[in-house]
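A short write-up of the structure that comes next.
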Protein chains: 2
Amino acid sequence: MENAPPPARRPVRADGRRNYDAILRVARESFQAKGSTASLEEIAAGAGVAVGTLYGHFATRESLIEATTRDGLTALLAHGERVAAGDDPLGALMDWTCEAVLFSSTFRGLAEVLAHGLRDEDSHWHAGCLAMERCGADLLRAAQDAGRVRGDLTPRELFNLISAAAWVREASPAAADDSGRLLELFVGGIARP
Amino acid sequence: MENAPPPARRPVRADGRRNYDAILRVARESFQAKGSTASLEEIAAGAGVAVGTLYGHFATRESLIEATTRDGLTALLAHGERVAAGDDPLGALMDWTCEAVLFSSTFRGLAEVLAHGLRDEDSHWHAGCLAMERCGADLLRAAQDAGRVRGDLTPRELFNLISAAAWVREASPAAADDSGRLLELFVGGIARP
DNA sequence: ACCTGAACACCGTTCAAGT
DNA sequence: ACCTGAACACCGTTCAAGT
């Protein structure tokens, strides 16, 4: 209930903001290069701060990961609202799903963190994951109401399909090259003629 | 070419076999409980041997994982041969695929190790992963020849679908409960009416 | 042929002391 | 309010010495 850790916030003092931003910038590069398990010590060193400073700003690895991908998630949700306004429910769902797969494979390990965040109520991610699930749920329902997608598919299952496709993308460079094909394989079966 | 590490083999000396077996037994329990990243020191301690003994028998974590799941893979391949003898190619493919998903989610992290082993030629796993892929390829081709599965699906893509479904099973207990439903979602789209 | 355990390296995490 | 870096714990991996 009350043991959910506080989300990372940008500090008010000038040196604090500088360090916060430097850590975020280096963290993005490190996660990109080495995945979600990249060394926090290396990130701190790369940002020119002591480890304690990193922990001061980001209490857990999850909160740092959350902060590095917050913008991406925001963009994804905005994209969802945009495509929802169109008049092709199936196209909108597929379009957004594709973007969601790309986002969820921003770096190696993110899909797992997302899947975990959706289940763990005490996670920094929980709210974000729920928002992402809900965004997909709205698009899914619209496509189902239009009779274009099998009606028994649940929002949670759509989330699972997305993170699974993202996981394959993370793990297999060859599959990542052809995202359209991957998407077709993973969610192609849910459409109705 | 020649830098592929040697597979773990059961020692000839009596005390060696005893330790080897003890390590394997504890490793199975540990992987089951904590996933593929379980502490090797704890496994060694649990087996009543020094860490060096564990490394003496299993040069890498991968080789230990391989040894703990070798029987399961063998059983899966045998199951493939068995179902291939029937006269329902689509049923055989689905049956085997379901077993493959169960095997690939024996413990948390195995799906990732398998996906990695298939790509890395120097892995302990490479031969095993190839055998698994080939087993699926034979069943897939039969189902395709019978016109029951879309013809453009490749063996590699089937492997990816299997490990992705296994990954979801590993990550989400709820999904793991209803394997039939999961399988339907992941490979239901490949069948032809 | 196999075992032991100390030794080294690396990393996560905390915290008292500082500014 | 924020920073520092030493301190502790834990783990992976190697290897000289032993039987």
Side-chain angles (χ1 to χ4, degrees), chain A residues 3 5-27 29-31 33-68 108-109 113 116 122-124, chain B residues 3 5-27 29-31 33-68 108-109 113 116 122-124:
Chain A
N3 56 344
R9 257 180 309 154
R10 203 149 175 273
V12 290
R13 234 172 64 178
D15 57 342
R17 272 207 305 270
R18 212 170 23 237
N19 288 337
Y20 181 94
D21 292 340
I23 292 168
L24 263 187
R25 184 167 37 77
V26 176
E29 293 168 11
S30 288
F31 290 148
K34 319 206 178 187
S36 61
T37 59
S39 161
L40 297 184
E41 276 192 343
E42 260 183 44
I43 292 174
V49 302
V51 240
T53 303
L54 189 150
Y55 278 92
H57 289 300
F58 308 97
T60 66
R61 177 182 294 272
E62 257 199 338
S63 81
L64 179 56
I65 293 177
E66 191 271 337
T68 61
R108 221 155 13 95
V113 176
H116 181 258
D122 293 337
S123 163
H124 287 287
Chain B
N3 56 344
R9 257 181 309 155
R10 202 149 176 273
V12 290
R13 234 169 68 176
D15 57 344
R17 274 208 304 271
R18 210 169 26 236
N19 288 337
Y20 181 95
D21 292 341
I23 292 168
L24 221 44
R25 183 167 37 77
V26 177
E29 292 167 12
S30 289
F31 289 148
K34 319 207 178 186
S36 62
T37 58
S39 161
L40 297 183
E41 276 191 341
E42 259 184 45
I43 292 174
V49 301
V51 238
T53 303
L54 187 150
Y55 278 92
H57 289 302
F58 308 98
T60 67
R61 178 182 292 272
E62 259 201 335
S63 82
L64 178 56
I65 294 177
E66 191 271 337
T68 59
R108 222 156 12 95
V113 176
H116 181 259
D122 293 337
S123 160
H124 287 290

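The figures that follow rest on heavy atoms only: side chains count, while hydrogens, waters and symmetry mates do not.
Closest to the A:Ser39 side chain, of the nucleotides D:dC3, D:dC2, C:dC11, is C:dC11.
Rounded to a whole Å, the CZ atom of B:Arg61 is 16 Å from the C1' atom of D:dT14. Rounded to whole Å, atom C1' of D:dA1 lies 8 Å from atom CG of A:Asp15. B:Phe58 places its CZ atom 18 Å from the C1' atom of D:dT14, with the value rounded to the nearest Å. Computed from coordinates, the A:Arg9 CZ to D:dA1 P distance equals 11 Å when rounded to whole Å. With rounding to whole Å, A:Tyr55 atom OH is found 7 Å from C:dT14 atom P. Atom CG in A:Asn19 sits about 17 Å away from atom P in C:dT19, given to the nearest Å. The nearest whole Å value for the distance from the CZ atom in A:Arg18 to the C1' atom in D:dC2 is 12 Å. As rounded to whole Å, 12 Å separates atom P of C:dG12 from atom CD1 of A:Ile65.
Counting heavy atoms from C-beta on, the side chains of A:His57 and A:Arg9 never come closer than 4.5 Å.
Shown here, D:dC10 forms no base pair; nothing in the strands shown gives a Watson-Crick or G-U wobble contact with both key distances under 3.5 Å. Across the strands present, C:dC15 finds its partner in D:dG5; the criterion is a Watson-Crick or G-U wobble pair with both atom distances under 3.5 angstrom.
A donor-acceptor pair under 3.5 Å links the side-chain atoms of B:Ser30 to the main chain of B:Val26, judged by distance alone. A donor-acceptor pair is defined here as one N or O able to donate and one able to accept, closer than 3.5 Å; no such pair exists between the side chain of B:Arg10 and the backbone of B:Asp21.
Counting non-hydrogen atoms under 4.0 angstrom, A:Gly56 reaches nothing in the nucleic acid. At a threshold of 4.0 angstrom between heavy atoms, the contacts of B:Val51 include nucleobase atoms, whether or not backbone atoms are also involved.
Projected onto DNA chain C by closest heavy-atom contact, B:Glu41 and B:Tyr20 fall at different nucleotides, the more 5' of which corresponds to B:Tyr20. Judged by closest nucleotide on DNA chain D, A:Ala50 is the one of B:Glu42 and A:Ala50 placed further toward the 5' end. Take the nearest nucleotide of DNA chain C for B:Arg13 and for B:Gly48: the residue whose nucleotide is more 5' is B:Arg13.
No donor-acceptor contact under 3.5 angstrom links the side chains of B:His116 and B:Ser123, judged on distance only.
Contact annotation: A:Thr53 side-chain N/O to D:dC2 OP1/OP2 distance is not under 4.0 Å.
B:Glu42 is linked by a side-chain hydrogen bond (donor to acceptor under 3.5 Å, both in side chains) to B:Lys34, counting only residues two or more places apart in sequence or in another chain.
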